[in-house]
Amino acid sequence: MVITKMRNIQLLNKIAKCGTDVFDESYAVSETCENPDAIMVRSAVMHDMEFGSNLKAIARAGAGVNNIPLDKCAEEGIVVFNTPGANANGVKELAICGMLLACRDVVGGINWVQTVKDDPNVAKLIEKEKSKFAGTEIKGKTLGIIGLGAIGGPLATAATHLGMEVLGCDPYISVEAAWEISRSVRKVDTREEIFKNADIISVHTPLIDNPDPKIGTKYMINKDTIAMMKDGVIILNFARDALVNDDDLEAALKSGKVRRYVTDFPNARTAGMEGVIAIPHLGASTEESEDNCAVMAAKELREYLENGNITHSVNFPDVSMPHNGDGRICVLHRNIPNLLTQITAAVSAENINIENMANRSKKDYAYTIVEITGSIPDSIVEAIKKIDGVIRVNVIK
């Protein structure tokens, strides 16, 4: 009988049961386990945590990983996963909601009703004052979307079904994402085309701090780009706070150049800014999103711990191949010349054939899977660990 070592999964936040149920009886899942093999986390801040020597992976049940020390994890050979796309539908639906709230002063109207709710003539007052909160319809308006990924792409398609003209810009769009977008969406080459032609602009890009305006996205909504926009433009931000320059936004709202700004990432400036609809980061706050993220995160951990395959890592490259051999040597290492040659030489020195191998790099780091038939001698593992640039070696049997 084969005895499988119990693997420990620590939960730093409440994780949906459908996610923890992904782990079978060979896993112990709890909030209190010591020196875990892996950690599942949502919003808990991990920057000051000390990691045990047994920790191999961290899975964030969500897309953002600002609460995880990525560089520290890479240096210790800890693979960090996230769950891109798992909450995309929830964010897409909230973006549509934000667009509707911005076109009509629904929030202002609801708040005003509360001020007169005790007046016996409330019905007459409402009929008299309702015109103050009137707005426009979205049908026939032009929506410009910057970033056509897991959220921006479905949003673009949904908007066409609502009768909108849709412009989309994404120089890095994948083939898979492009196939999912309605043919009614008109692709444009530059953000400037979005800025100049859209009645409503929705941004769905990562935050990239690069001075090149064709690459960087930090503060891409600023006084210069706002000046290109139509008067009375509406701006939606369900991606990252710092995509928008708060000082330039405030000036544009005061002048009327920007009609409304809707953000799911309010800060000390925008939370009370006139003309801003500030939503308390509710994009992924649906039961379905939390379930999807939990299940995806758990599956990523199982696949890595059991087969050494990496999918959706943010600090190491994604590497996957079918597990056909008897054992795997999984090497997390720096992306430096000749290191792969040294790994294969260490295996060959024991007169063992490599049945299958996969290797990829991601900036400063790389990951190699070596699969062999038969047992894996400890001497091979120790030899690989001694190679300069190797960070960690995991053995899958």
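Keep in mind the model is a prediction, meaning the values are calculated, not measured. For the numbers below, each heavy atom of this structure counts, side chains included, while hydrogens, waters and symmetry mates do not. Numbers here are sequence positions counted from 1.
With contacts defined as side-chain heavy-atom distances shorter than 4.5 Å, the pair Pro36/Ile9 does not qualify. The closest side-chain heavy-atom distance from Asn245 to Leu249 is not below 4.5 Å. Put simply, the side chain of Lys230 reaches to within 4.5 Å of the side chain of Asp199, judged on heavy atoms. Ile221 has its side chain within reach of Ile235: a pair of non-hydrogen atoms, C-beta onward, lies under 4.5 Å apart. Counting heavy atoms from C-beta on, the side chains of Met357 and Glu371 never come closer than 4.5 Å. Put simply, the side chain of Arg328 does not reach to within 4.5 Å of the side chain of Val370, judged on heavy atoms. Residues Glu250 and Leu253 form no side-chain contact, since every pair of their non-hydrogen atoms from C-beta on lies 4.5 Å or further apart. Using a 4.5 Å heavy-atom threshold, the side chains of Phe51 and Met49 count as touching.
Checking Glu350 against Ser379 by side-chain atom types alone, a donor-acceptor pair falls below 3.5 Å. A donor-acceptor contact closer than 3.5 angstrom links the side chains of Asn267 and Asp241. Counted by atom type alone, Asn359 and Thr368 present one or more donor-acceptor pairs between their side chains at under 3.5 Å. Side-chain polar atoms of Lys124 and Asn121 form no donor-acceptor pair below 3.5 angstrom. Side-chain polar atoms of Thr311 and Asn309 form no donor-acceptor pair below 3.5 angstrom. Between the side chains of Asn89 and Glu93, at least one donor-acceptor pair of N or O atoms lies under 3.5 Å.
At most 12 non-hydrogen atoms from other residues, nucleotides or ligands lie less than 6.0 angstrom from CG of Asp71. Few gaps surround CD on Glu192; more than 12 heavy atoms of other groups in view lie less than 6.0 Å from it. Atom CG of Asn66 is surrounded by 12 or fewer heavy atoms from other residues, nucleotides or ligands within 6.0 Å. Other residues, nucleotides and ligands place no more than 12 heavy atoms under 6.0 Å from the CG atom of Asp388. Crowding of Glu165 atom CD: a count of heavy atoms from other residues, nucleotides or ligands under 6.0 Å not exceeding 12. For NZ of Lys362, the number of neighbouring non-hydrogen atoms (other residues, nucleotides, ligands) closer than 6.0 Å is greater than 12. Other residues, nucleotides and ligands contribute over 12 non-hydrogen atoms within 6.0 Å of the CG atom of Asn324. No more than 12 heavy atoms of other residues, nucleotides or ligands sit less than 6.0 Å from atom CZ of Arg360.
With respect to the salt-bridge test (charged N to carboxylate O, under 4.0 angstrom), the residues Asp37 and Arg7 do not qualify. Between Asp247 and Arg269, at least one side-chain N (NZ, or NE/NH1/NH2) sits under 4.0 Å from a carboxylate O, which counts as a salt bridge. A salt bridge is absent between Asp170 and Lys187; no separation between the charged side-chain nitrogens and carboxylate oxygens falls under 4.0 Å. With respect to the salt-bridge test (charged N to carboxylate O, under 4.0 angstrom), the residues Arg42 and Glu290 qualify. Contact check on Lys132 versus Glu129 returns a salt bridge, with a Lys/Arg side-chain nitrogen under 4.0 Å from an Asp/Glu carboxylate oxygen. The pair Glu75-Arg334 meets the salt-bridge criterion, with a side-chain N (NZ, NE, NH1 or NH2) lying under 4.0 Å from an Asp/Glu carboxylate O. Electrostatic pairing of Glu127 and Lys130 counts as a salt bridge here, judged by a charged N lying under 4.0 Å from a carboxylate O.
Placement of Met273 and Leu243 within a single hydrophobic cluster is found when ILVMFWY residues are connected by side-chain heavy-atom separations under 4.5 Å, directly or transitively. Ile352 and Val381 fall within a single hydrophobic cluster, where Ile, Leu, Val, Met, Phe, Trp and Tyr side chains are chained together by heavy-atom contacts under 4.5 Å. Under the 4.5 Å side-chain contact rule for hydrophobic residues, Tyr172 and Val188 do not share a cluster. There is a path of hydrophobic side-chain contacts, each under 4.5 Å, that joins Phe195 to Leu167. Hydrophobic cluster membership is shared by Ile39 and Val65, with clusters built from Ile, Leu, Val, Met, Phe, Trp and Tyr side chains linked at under 4.5 angstrom.
A pairwise comparison of heavy atoms in Arg191 and Pro213 identifies NH1-O, 3.1 Å as the closest pair. Closest non-hydrogen pair, Gly98 versus Val262, comes out as O-CG2, 3.7 Å. Val319 and Ala358 get closest at one heavy-atom pair: CG1-CB, 3.6 Å. Across Asn335 and Lys363, no two heavy atoms sit closer than the pair ND2-O, 3.0 Å. In terms of heavy-atom proximity, Val233 sits nearest to Ala198 at CG2-O, 3.9 Å. Scanning both residues, Ala177 and Leu148, for their nearest heavy atoms gives CB-O, 4.0 Å.
Evaluated for a side chain to side chain contact (heavy atoms under 4.5 Å, CB included) with Ile279, the options Asn237, Asp264, Thr263 yield exactly one hit, Asp264.
In this structure, the ring of Tyr365 has its center less than 6.0 angstrom from the ring center of Phe316. Ring centers of His281 and Phe265: under 6.0 Å apart, within the cut-off.
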Applying side chain to side chain contact (heavy atoms under 4.5 Å, CB included), run through Val106 and Leu100 and close with a yes or a no. CA-CA 8 Å; Val106 177; Leu100 295 170; over 6 Å; no
I would like to know whether Asp248 and Tyr219 meet side chain to side chain donor-acceptor pair (under 3.5 Å); could you show each step before the answer? CA-CA 10 Å; Asp248 297 347; Tyr219 301 146; over 6 Å; no
Would you check, one step at a time, whether the test side chain to side chain donor-acceptor pair (under 3.5 Å) holds for Asn315 with Ser313? CA-CA 6 Å; Asn315 63 342; Ser313 173; 3.2 Å; yes
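Under the ring-ring contact (aromatic ring centres under 6.0 Å, His included) criterion, Tyr261 pairs with no residue, sequence neighbours left out.
A distance of 8.5 Å separates CG in Leu101 from CG in Leu94, rounded to the nearest 0.5 Å.
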